[in-house]
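Report on one structure; see the data block that follows.
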Amino acid sequence: MIKSLEFIGPMATVEGWRPTNELPEVAFAGRSNVGKSSLLNRLVRRKAFARVSNTPGRTREINFFKVNDTFVLADLPGYGYAKVSKTRKAEWLPLIEGYLRASTALRGVVQLLDVRHHPSEEDLQMFDFLAEIEVPTIVALTKIDKLKPREVAKRVHEIAVALRLEDDQMIPFSAETNQGRDDLAAALMSLIEQPSWRAAPTTLELEMEPGETSVDAVSGEAERLDVPP
Ligand code: GTP
Ligand code: MG
């Protein structure tokens, strides 16, 4: 249930970034025109909260939306639009990557792909980057209303193979018909509710029983959990 929405504001440069709060944050990434702003509007059930446009490359900053005072959605500028000048591209990539590396509130990324197209070189670079920083990632396949259901299923499989993912790791979605919205919202909430992977305790710590001794993988020092009296 969306009770309140607040536009926190744009972040135009990494240097200009000030953490607004430590509310958990999920970012939306994808090529220009893939439907990021449209998907965001559907998620929060508003017509024009994030600006949708027929001019690719319209979202030029990272826009933050606070929802119900409990989490933040970050609409990233689209990458990979050919007509965008090289200078603009040179500005955006460090902005997106800098933000994704730096945000301590980030819990996950929703990566959008147009269901009709094979992932582009830039999409694959983005996936590599997300894998490198190990951020939990959901894949949303947009504009499924443009294909017949049977074709959608085929494309889901083809894209999964291209990304070395399972079919069920992808969420087919349409901002036109709202299909897939609830699946997406559920996946989003599971990202938001998990602890940050950046500060996650090591598996050793998680699996340790009181009184057990383990060796810290990094420092090599032995650790022991105190047994309660
Ligand atoms: P940038 O801000 O430029 O990166 O684009 P964006 O990814 O935010 O895309 P946006 O949501 O602005 O949508 C781009 C165009 O695609 C608009 O004309 C939308 O109406 C259209 N569009 C978005 N999602 C869908 C969808 O699911 N189905 C259909 N048919 N059109 C869509
Ligand atoms: Mg946009």
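Just follow the structure's listing: the first ligand is 1, and inside any ligand the first atom is 1. All values derive from a computational prediction rather than experimental measurement. The analysis underlying the following values was restricted to heavy atoms, covering all of them including side chains, and did not include hydrogens, waters or symmetry mates.
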Check your understanding: Can Gly30 be said to touch ligand 1, with heavy atoms closer than 4.0 Å?
Key -> no
Note: heavy atom closest to atom 32 (C) of ligand 1, options Lys143, Lys36, Lys146, belongs to Lys143
Quick note on ligand 1: atoms under 4.0 Å from a heavy atom of Gly78 include exactly 4 (O)
Checklist entry - Near the Mg ion (ligand 2), is there an N/O/S atom from Ser32 that is less than 2.8 Å away? => result no
Using a distance-only test with no angle check, is there a side-chain donor-acceptor pair under 3.5 angstrom linking Asp123 and Ser120?
yes
(Q) Would Pro77 count as a polar contact of ligand 1, with the cut-off being nitrogen or oxygen pairs under 3.5 Å? (A) no
message: So, 4.0 Å and heavy atoms of Asp145: is ligand 1 close enough to count as a contact?
response: yes
Heteroatom proximity flag, Asn33 to ligand 1, N/O under 3.5 Å: yes
| query | Got more than 12 heavy atoms from elsewhere within 6.0 Å of CD, Glu166? | reply | no
Review point. When you check the gap from the basic side-chain N to the acidic O, do Lys154 and Glu158 get nearer than 4.0 Å?
Key: yes
Discussion item. Would you say Asp145 and Thr177 are linked by a side-chain donor-acceptor pair, where the criterion is simply a distance under 3.5 Å?
Written reply: no
So is Ile144 polar-close to ligand 1, meaning N/O to N/O under 3.5 Å?
no
Sorted by chain and number, sequence neighbours left out, side chain to side chain donor-acceptor pair (under 3.5 Å) with Ser190 holds for none
